Amino acid sequence: MSALPLHAQVINLLAAILLLLAFAMLTQRRVLSLIDLFAAQGLALAVSTGIVAAYTGQAHLWWSAGITLALKVVALPWILHRLIRRLDVKWDVERLVNVPTTMLIGIVLVVFSFNLAVPISQLSGTITRATLGIAMASVMLSFLMMITRRKAIPQVIGFLSMENGLFFAATSATYGMPMVVELGIALDVLVGVLILGVFFFQIREQFDSLDLQHLEKLQEGE
Amino acid sequence: MTAAGILSQFLQAGLALALAPLLVGWVAMCRAWLANRSAPPITLPYRTIRKLFAKDAVVAHNASPIFRLTPYVVFGAMVCSAAIIPSLATEVPFAAAADAIALVGLFALARVFIALAAMDIGTAFGSLGARREMFVGFLAEPALLMVLFTASLISGSTSLPSIVDTLAHRELAIYPSLAFSGVAFTMVSLAENARIPVDNPATHLELTMIHEAMLLEYSARHLALLEWASALKLLNYSCIGLALFFPFGIAGGDGDWGAIALAVPALVAKLGAGGFALALIETVSAKMRIFRAPAFLGPAFLLAVLAMLVHLLLGS
């Protein structure tokens with residue numbers, strides 16, 4: 001067994017935790033715990049970005065770690081908590097499509113993305129390239145979460161955690177994107193959540209529920 | 001095979017037999033302390049076993065030979081597995097007879113026999129307990145196998161002594177896969193040993209029993225053997241967990257007498273800490289409904305599979 005340097009080991013550990021958190025989010029029923037898990041995922045992401053920054057000495061990675069911490073651990077969970085309080089959907093226990101089945105599909109997705117990542121990560125020369133598979137797996141799992149959820153807020157959290165996975169992929173494969181791109185994405189996510197928050201109120205006013213199945217029918221004859 | 005190997009083999013099996021009731025007594029003691037009660041003496045399980053051996057056995061009229069045979073089969077399976085698990089030294093000559101998968105098979109053999117015996121008499125509680133036991137077993141066994149597979153992948157062998165040898169003599173590093181499988185293994189052990197989130201070992205209410213319900217028809221020496229066997233099972237699971245995840249202090253395979261002498265107090269200390277941790281888990285968690293068991297053991301399986309996948313991807 002080849003001995004990795006300590007920071008690579010810590011990044012591997014954080015990657016594994018990220019994957020575990022993605023699974024926890026996939027199987028979580030309560031909206032409030034979902035937000036906590038999302039905040040924990042953001043924290044793991046910020047720490048791993050910080051470690052990569054400390055090791056490679058790239059100043060802009062410190063910035064992106066800071067932005068991640070501020071946005072995904074503090075701001076977005078706060079906004080989501082406030083939304084839930086205002087919408088009064090705190091006790092919204094979601095009827096999931098059979099947790100064990102979802103879990104098994106998730107495992108298949110992980111195997112798929114690990115296989116997909118192996119040839120790609122061989123092209124990459126960074127210390128953290130092994131984590132690319134985990135980053136792809138968390139993107140896939142967030143996708144699955146968005147597909148299996150019916151309510152609006154968990155879908156938005158799935159969308160946000162997909163962005164987490166993409167961000168992790170960017171850090172692990174290429175040591176992060178240019179600062180402008182990162183700032184753009186961060187702002188996009190923030191504005192996106194704000195706009196979706198307004199949408200929630202509109203959807204609920206229209207249908208008396210946040211169940212997105214109501215949006216699937218076309219309203220005719222009105 | 002050296003003299004030291006044979007000695008440590010016998011020492012290990014004998015120690016397991018002697019220590020198993022002590023571990024059960026210690027866990028009961030810790031639980032009483034944590035619940036602010038005065039604790040029963042730590043030797044209580046020994047006294048119970050001695051008392052039961054002195055009594056006359058009563059067997060139902062319609063009992064078949066399976067019913068009489070089961071205590072011996074279960075006890076034998078547990079003693080065999082205690083001899084296979086490298087808890088003191090990695091040089092255990094007997095371990096060549098069975099690897100990690102056969103060990104799971106031994107546990108399964110004991111489970112099948114005890115379930116058959118419980119259904120043999122035809123009482124309602126017996127078959128109820130047997131069905132529940134098989135239900136929990138069918139959920140826990142794949143997870144246990146996955147944990148052992150992860151350990152086998154790390155060391156490249158399914159033989160328990162070489163797994164422990166590899167794990168004990170590796171470089172100190174962070175292994176996410178081992179952390180995941182450690183958590184999965186703890187959950188599986190709780191379920192397999194009829195501990196609190198799944199079953200309550202101290203219950204007197206037949207309707208909620210799983211393991212105890214299967215023993216209701218047994219008395220005297222049969223019951224003593226089964227109680228001893230379940231204590232041995234707890235010790236075996238603890239020893240597997242300690243050997244896989246805390247393999248420090250286990251003597252190597254070079255016939256070193258001093259190392260074996262040091263391994264005994266190390267094992268006792270680790271078991272003491274493990275027993276306290278078990279009592280702590282049992283005190284802070286509530287027993288869940290039997291139909292919630294999949295929600296407890298499903299994540300254990302998931303963790304075990306993730307541990308294997310993470311190991312394959314990250315190589316750590």
Side-chain angles (χ1 to χ4, degrees), chain A residues 1-24 26-29 44 48 51 96 98-118 120-122 127-138 141 172, chain B residues 135 138-140 142-143 145-146 149-157 162-163 165-184 186-187 245 247 288 291-316:
Chain A
M1 208 177 299
S2 61
L4 289 167
L6 181 68
H7 61 90
Q9 285 175 28
V10 176
I11 288 171
N12 277 350
L13 177 70
L14 286 167
I17 289 174
L18 216 61
L19 187 64
L20 188 64
L21 284 172
F23 262 103
L26 189 63
T27 52
Q28 182 56 251
R29 290 155 193 267
S48 80
I51 288 170
L96 259 181
N98 194 349
V99 176
T101 317
T102 322
M103 227 146 65
L104 288 179
I105 298 173
I107 288 175
V108 172
L109 277 180
V110 173
V111 173
F112 173 72
S113 38
F114 278 15
N115 272 322
L116 204 62
V118 167
I120 302 173
S121 57
Q122 257 147 25
I127 43 155
T128 50
R129 60 169 181 232
T131 50
L132 186 65
I134 287 188
M136 288 181 70
S138 20
L141 288 174
S172 64
Chain B
F135 175 59
F138 127 86
L139 292 165
L145 273 174
M146 282 294 166
F149 283 160
T150 307
S152 309
L153 273 176
I154 289 177
S155 59
S157 158
S162 57
I163 291 176
D165 238 357
T166 319
L167 293 182
H169 299 114
R170 67 194 165 173
E171 295 159 73
L172 205 60
I174 304 171
Y175 288 86
S177 53
L178 275 183
F180 283 5
S181 37
V183 175
T186 311
M187 291 164 90
F245 306 113
M288 53 175 70
F291 296 113
R292 297 277 294 151
F296 179 72
L297 288 168
F301 178 69
L302 176 75
L303 271 171
V305 173
L306 279 188
M308 201 164 84
L309 291 177
V310 164
H311 169 72
L312 287 178
L313 183 76
L314 302 181
S316 62

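These numbers were taken from a predicted model, which means no experiment stands behind them. By convention in this document, chain letters (A, B, ...) are assigned in the order of the sequence lines, proteins followed by strands, and residues within each chain are numbered from 1.
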J.: Take B/Leu303 and A/Leu20, measure what side chain to side chain contact (heavy atoms under 4.5 Å, CB included) needs, and give me the verdict at the end.
T.: CA-CA 8 Å; B/Leu303 271 171; A/Leu20 188 64; 3.3 Å; yes
J.: Measuring from B/Leu309:CG to A/Phe114:CZ, what's the distance to the nearest 0.5 Å?
T.: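 Between atom CG of B/Leu309 and atom CZ of A/Phe114 there are 5.5 Å.
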J.: Out of curiosity, B/Met308 CE to A/Ile107 CD1, how far, rounded to the nearest 0.5 Å?
T.: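 The CE atom of B/Met308 sits 9.5 Å away from the CD1 atom of A/Ile107.
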J.: For A/Leu14, is it the side chain, the backbone, both or neither that has a heavy atom under 4.5 Å from a heavy atom of chain B?
T.: neither
J.: With B/Pro142, which residues qualify under side-chain contact (heavy atoms from CB on, under 4.5 Å), at least two apart?
T.: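 side-chain contact (heavy atoms from CB on, under 4.5 Å) list for B/Pro142, sorted by chain: B/Phe301.
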J.: Please look at B/Pro294 and chain A and tell me whether the side chain, the backbone, both or neither of the residue comes under 4.5 angstrom of a heavy atom of that chain.
T.: neither
J.: So do A/Gln9 and B/Pro176 actually touch side chain to side chain, heavy atoms under 4.5 Å?
T.: no
